[in-house]
Amino acid sequence: MSGKPKLIYFNGRGRMEPIRWLLAAAGVEFEETFLDTREQYLKLIKDGSLMFHQLPLVEIDGMKMVQTRAILSYIAGKYNLYGKDLKERAFIDMYVEGITDLTNMIMMFPFSPPEAKEKNLALIMERATHRYFPVFEKALKQHGQDFLVGNKLSWADVQLIEAILAVEEKFPAVLSGFPQLQAFKTRMSNMPVIKKFLQPSSPRKPPPDDHYVATVLKVLTE
Amino acid sequence: MAGKPKLYYFDGRGKMESIRWLLSAAGVEFEEQFLTTREQYEKLLHDGSLLFQQVPMVEMDGMKMVQTRAILSYIAAKYNLYGKDVKERALIDMYVGGTDDLMSFIIKFPFLPAEDKEKELAHIIQKATGRYFPAYEKVLKDHGQDFLVGNCLSWADVHLLEAILMVEEKKSDVLSAFPRLQAFKANISSIPAIKKFLEPGSQRKPVPDDKYVETVRKVLRM
């Protein structure tokens with residue numbers, strides 16, 4: 001089926017943002033439909049478009065795909081961002097899962113109750129600097145290559161640059177103990193497709209604000 | 001690298017159970033190292049065996065794999081339980097995402113405070129019967145085949161059977177409105193490798209009890 005992938009989600013980052021990043025890194029143009037009413041969401045359910053009544057939804061290659069991980073795996077496989085063999089794939093999967101645990105904390109943050117925000121923010125910083133970033137700093141140092149796996153751009157690199165920038169929005173100096181990651185960030189940001197995605201007016205979405213949170217709650221809550 | 005996979009986890013279901021199921025369905029024998037003390041866990045940490053300081057960890061094919069989804073994807077691909085092409089793989093990933101979401105409610109359940117359990121149980125049953133089971137019932141109805149994807153046993157079938165049995169342990173008649181899932185359960189359970197796993201004496205773990213919860217809390221200092 002011809003035509004660009006179509007992303008159906010709220011007009012904000014959430015769980016769709018890694019998909020926007022990966023499509024952009026693959027050089028794939030896409031269209032977006034933004035949900036801002038409950039009626040739009042209920043219509044999607046009624047039409048049978050949402051297998052588990054959840055977003056994100058991506059229409060791609062004749063499929064209505066749901067489940068963020070499934071969508072990302074499909075895109076990575078299709079556009080050669082998933083390593084060259086099963087072992088490289090295993091490492092990409094491990095790295096991606098770890099990074100996702102970190103970015104999920106950031107994604108959920110705007111929805112945490114006000115009294116929990118300070119604690120959650122501290123936990124994001126702690127996890128980033130003690131659990132996740134050290135792993136990738138070490139991996140890059142050990143093989144001395146530009147990319148995390150197989151000396152070639154993969155899904156893992158795209159997910160990592162996204163995570164680094166998201167944490168930096170909260171803690172600008174977070175990479176101060178991680179020279180390899182600083183160099184990685186510079187290299188990745190200068191890749192033409194990613195540089196383009198980082199410019200204003202790209203499909204990249206801004207950090208979530210109160211309006212975004214209110215829209216999500218309105219659309220998804222009965 | 002020769003030798004059986006070796007699973008490092010608590011002596012109980014948790015996040016490792018899906019891995020035990022999939023290896024068993026693939027007819028792969030495995031060894032287990034059970035964590036019972038904080039000291040064992042700290043040793044794994046200090047040895048650098050746990051990439052993100054977490055279990056499950058599975059030693060296989062020269063790798064110390066972590067992240068449940070990465071491990072399951074690797075096993076599925078290695079043992080031909082991942083469909084025949086990218087589209088079948090996409091469907092399997094979607095379906096597994098749903099059963100994973102459903103099972104994660106049940107995995108967390110034993111760790112909830114006593115006063116929250118009744119409400120959460122009702123929530124689990126409602127999600128199972130209102131969101132997840134109808135989706136899989138429809139898949140089976142639409143193509144009329146015995147397996148979820150490609151008329152062939154895949155990771156998605158094994159994962160769904162595991163989820164069905166877990167929910168049935170909480171409410172034994174939960175499949176009453178789902179005739180195709182009842183037939184599916186009977187079919188998949190009768191596959192020799194799976195039948196063997198369902199018999200006493202296999203490496204399948206029992207429903208988590210207080211001792212299991214206590215061990216996890218002690219080892220992870222939760």
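For the numbers below, each heavy atom of this structure counts, side chains included, while hydrogens, waters and symmetry mates do not. Predicted, not measured: the structure shown is a model, and the values here were computed from it. Order of the sequence lines sets the chain letters (A, B, ...), proteins ahead of strands, with each chain counted from 1.
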With rounding to the nearest 0.5 Å, note down the distance linking [atom1] in [X] to [atom2] in [Y].
{"X": "A:Leu102", "Y": "B:Phe52", "atom1": "CG", "atom2": "CZ", "answer": "10.0 Å"}
{"X": "B:Arg131", "Y": "A:Gln54", "atom1": "CZ", "atom2": "CD", "answer": "4.5 Å"}
{"X": "B:Leu91", "Y": "A:Met65", "atom1": "CG", "atom2": "CE", "answer": "7.5 Å"}
{"X": "B:Leu72", "Y": "A:Asp93", "atom1": "CG", "atom2": "CG", "answer": "10.5 Å"}
{"X": "B:Ser73", "Y": "A:Met94", "atom1": "OG", "atom2": "CE", "answer": "11.5 Å"}

Next item on the list: Side chain from CB out, backbone as N, CA, C, O: work out which of these in B:Val139 comes under 4.5 Å of a heavy atom of chain A, or both, or neither.
Entry: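 Interface part for B:Val139: side chain.
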Check: At a heavy-atom separation under 4.5 Å, does B:Lys127 approach chain A through its side chain, its backbone, both, or neither?
Finding: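 No part of B:Lys127 comes within 4.5 Å of chain A.
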Do [X] and [Y] come within less than 4.5 Å of each other through their side chains, counting heavy atoms only?
{"X": "B:Val86", "Y": "A:Lys78", "value": "no"}
{"X": "A:Met51", "Y": "B:Tyr136", "value": "yes"}
{"X": "A:Leu86", "Y": "B:Tyr74", "value": "yes"}
{"X": "B:Lys87", "Y": "A:Asp61", "value": "yes"}

Check: Considering all heavy atoms of both residues, which atom of B:Ala90 and which atom of A:Ala70 are nearest to each other, and what is their separation?
Finding: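 Shortest heavy-atom separation between B:Ala90 and A:Ala70 comes out as O-CB, 4.2 Å.
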Check: Can you name the nearest heavy-atom pair linking B:Gln54 to A:Asp101, along with the distance?
Finding: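 Heavy atoms only, the tightest pair is OE1-OD2, 4.2 Å.
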Return yes when atom [atom1] of [X] has more than 12 non-hydrogen atoms of other residues, nucleotides or ligands closer than 6.0 Å, and no otherwise.
{"X": "B:Lys117", "atom1": "NZ", "result": "yes"}
{"X": "A:Lys117", "atom1": "NZ", "result": "yes"}
{"X": "A:Lys218", "atom1": "NZ", "result": "yes"}
{"X": "B:Glu29", "atom1": "CD", "result": "no"}
{"X": "A:Glu126", "atom1": "CD", "result": "yes"}
{"X": "A:Lys138", "atom1": "NZ", "result": "no"}
{"X": "B:Arg20", "atom1": "CZ", "result": "yes"}
{"X": "A:Lys205", "atom1": "NZ", "result": "yes"}

Select one option (side chain, backbone, both, neither) describing which atoms of [X] are under 4.5 Å from chain B's heavy atoms.
{"X": "A:Arg69", "answer": "side chain"}
{"X": "A:Phe136", "answer": "side chain"}
{"X": "A:Val135", "answer": "side chain"}

Check: Per the ring pair (Phe, Tyr, Trp, His ring centres under 6.0 Å) rule, which among B:Phe133, B:Tyr132, B:Tyr95 passes with A:Phe52?
Finding: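 Of the listed residues B:Phe133, B:Tyr132, B:Tyr95, the ring pair (Phe, Tyr, Trp, His ring centres under 6.0 Å) partner of A:Phe52 is B:Tyr132.
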Next item on the list: Please check if any side-chain donor atom of B:Asp101 sits under 3.5 Å from a side-chain acceptor atom of A:Gln67, or the reverse.
Entry: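 Distance-only check passes for B:Asp101 and A:Gln67.
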